[in-house]
Amino acid sequence: MHIGAIVSLAGDRQRDDTSFVRRYSRNGRGFLTGTSRAYLDILGQNLLERGTAKLRQFDSVSIRTISETPASTSLLPARSAKSTNFITAWESAVARHLQEGAEQLLLMRIGSYSDLDYEGFLRFHLQRGSTLTQAYGPAGALDLALVNAECLRGTDGPYRKVLSTFISEQERFFYDGYVNPLNQPQDLRTLVEDGLAGRCGLQPVGNQVSPGVWIGAGAQLDPSVSVCGPAFIGEGSRVADGCSITGSSSIERDCEVDYGTNVDQSCVLQGVYVGVGLNVERSVVSPKKLFHLDRNVEVQIDDERLVGTTRLATLSRAAAFGRGNAE
Amino acid sequence: MDIPCAIMIKVPEVFGAKEARKLRRELKNKLTSDRPSVIVDLSRVKKIDLTGLEGLLTCMEEVAKQDGSLEIGGISPEAAAMLELTRMNHLFQKFPAVHAEDSQTVLVPEPVAETEPAPSGQAAQPQPVAA
């Protein structure tokens with residue numbers, strides 16, 4: 001069975017690795033917004049890569065990824081939605097999948113994390129002979145739906161209008177497994193802790209060098225560094241002399257933790273430089289901001305001697321934009 | 001008779017290089033007595049950078065030179081996060097507290113005058129340094 005998947009990235013259209021921390025927010029809601037959430041590495045791999053890797057477990061699947069406009073808030077475009085770039089791209093993606101012979105359309109938004117098994121979801125959808133099936137978790141919709149493509153083939157008018165007629169008779173697939181909404185930095189921290197502790201299916205990407213300690217390819221740790229697992233140090237990151245990494249902390253790829261700094265119960269996001277002799281505790285750190293999890297406060301840090309962007313991160317971002325232009 | 005006198009440093013919402021310079025200048029004029037009691041109020045701080053933190057360090061040095069006491073009167077979550085990040089919270093803990101120094105010191109949360117001593121001979125009047 002051929003599956004046509006449309007993966008939409010919630011939020012802003014421009015990919016900008018720094019944008020996930022772009023506006024001040026006392027409660028950190030601005031910390032994890034938009035497409036940035038899809039591109040944010042969590043234990044070595046971002047949600048978009050993890051989501052598409054799960055989709056590729058289907059025997060036959062083609063995947064189209066589109067970015068939503070900021071106004072989009074739901075998985076299924078509204079019947080009356082005006083023709084924005086996103087709507088045009090979505091309609092075009094449906095048309096292309098139908099042309100390529102997709103039998104089922106899988107619609108998903110990247111935003112939250114769940115361990116939902118797509119094969120089981122598809123089985124449920126087929127067994128029920130449903131036109132439209134949406135997945136729900138304990139707290140609501142999981143932004144995942146399957147549509148019988150045959151019901152869209154040969155229809156008149158925009159696909160979003162046809163799809164809206166299926167909503168009233170949709171089947172609901174209830175999933176009571178692991179779900180993390182990733183709305184706030186505290187959610188990100190919980191997901192990292194759960195991944196490191198094996199409480200969810202989020203596998204750290206790296207070699208497990210000792211129980212609970214994962215090190216990514218090319219990561220460099222000075223022999224004097226004290227790592228107390230569980231812990232994750234991502235690909236290409238560097239941890240200098242006299243540092244300590246404790247309390248289920250994660251240091252994502254291309255980071256640099258400089259001399260004598262302690263990282264405890266914290267997440268250092270990809271490409272972040274953490275300065276000399278600091279004490280990062282119960283925090284999520286991005287290139288220009290620190291969110292303190294207990295104080296529930298976001299602090300802007302403009303001084304690169306404290307927190308900044310590593311050269312490696314700048315290079316890899318430039319390379320990513322270069323690839324994007326080529327496509 | 002000597003009047004116990006606490007100096008209140010009210011750190012502004014944004015505490016950077018300019019504000020740190022002002023603090024240093026004003027504090028120098030205020031620290032005239034031996035063993036000064038200084039209260040640093042960080043409750044309004046939303047943003048403090050390295051130069052601001054260095055300004056606080058200078059303040060600590062000046063107080064330490066005169067064997068004074070120093071404590072934090074109030075602290076915002078933003079300032080607390082920055083002090084913890086830079087480990088300066090430990091430095092503040094090394095100072096004797098104003099209360100421990102003089103049990104009769106009375107701290108008034110909002111200063112009423114720049115440098116006026118307290119009206120009572122036993123009470124200390126916090127004095128603002130940085131606006």
Side-chain angles (χ1 to χ4, degrees), chain A residues 21 23-28 30-31 184-186 189 242-244 246-247 249 251 257-269 272-308, chain B residues 9-24 39-61 64 70-95 97 109 130-131:
Chain A
V21 288
R23 66 192 161 90
Y24 172 81
S25 169
R26 181 65 180 253
N27 63 13
F31 219 81
Q184 297 183 10
Q186 285 89 345
R189 178 69 199 140
C243 293
S244 74
T246 54
S249 289
I251 293 163
V257 182
D258 220 332
Y259 299 94
T261 285
N262 294 339
V263 179
D264 180 45
Q265 299 177 71
S266 296
C267 299
V268 180
L269 303 184
V272 171
Y273 168 78
V274 184
V276 176
L278 300 180
N279 179 40
V280 180
E281 203 171 311
R282 297 281 303 147
S283 299
V284 177
V285 189
S286 78
K288 278 185 179 288
K289 295 200 180 182
L290 177 144
F291 185 90
H292 198 285
L293 296 160
D294 297 332
R295 298 189 173 94
N296 201 33
V297 71
E298 191 173 295
V299 182
Q300 169 92 28
I301 301 174
D302 294 326
D303 196 316
E304 296 220 334
R305 286 173 292 175
L306 292 176
V307 169
Chain B
I9 299 173
K10 286 180 82 85
V11 180
E13 198 166 306
V14 177
F15 193 58
K18 188 178 148 196
E19 293 80 12
R21 274 198 302 274
K22 187 180 172 195
L23 169 67
R24 272 196 291 268
I39 301 159
V40 181
D41 181 2
L42 296 163
S43 59
R44 289 190 299 179
V45 173
K46 293 280 176 215
K47 192 173 178 188
I48 181 166
D49 63 13
L50 266 184
T51 52
L53 293 170
E54 282 164 8
L56 285 179
L57 275 177
T58 307
C59 169
M60 286 179 180
E61 275 176 21
L70 185 142
E71 72 174 88
I72 294 178
I75 189 161
S76 66
E78 290 86 349
M82 283 299 283
L83 291 187
E84 184 179 285
L85 176 70
T86 55
R87 303 183 204 240
M88 273 181 65
N89 52 341
H90 299 305
L91 289 178
F92 274 99
Q93 286 160 12
K94 288 185 191 301
F95 279 88

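First the proteins, then the strands, lettered A, B, ... as listed; each starts at 1.
In this structure the side chain of Leu306(A) reaches within 4.5 angstrom of the side chain of Leu50(B), judged on heavy atoms.
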Output, in order, the C-alpha distance, side-chain angles, deciding distance and verdict of side-chain contact (heavy atoms from CB on, under 4.5 Å) for Glu84(B) and His292(A). CA-CA 10 Å; Glu84(B) 184 179 285; His292(A) 198 285; 3.1 Å; yes

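Interface remark: of the candidates Leu278(A), Ile301(A), Val280(A), Val307(A), Leu278(A) forms the most heavy-atom pairs closer than 4.5 Å to chain B.
Within residues 260-268 of chain A, the residues that have a heavy atom under 4.5 Å from a heavy atom of chain B are Gly260(A), Thr261(A), Asn262(A), listed by number.
At a 4.5 Å heavy-atom cutoff, the contact between Ala80(B) and chain A is made by backbone and side-chain atoms alike.
A distance of 10.0 Å separates CD of Glu78(B) from CZ of Arg295(A), quoted to the nearest 0.5 Å.
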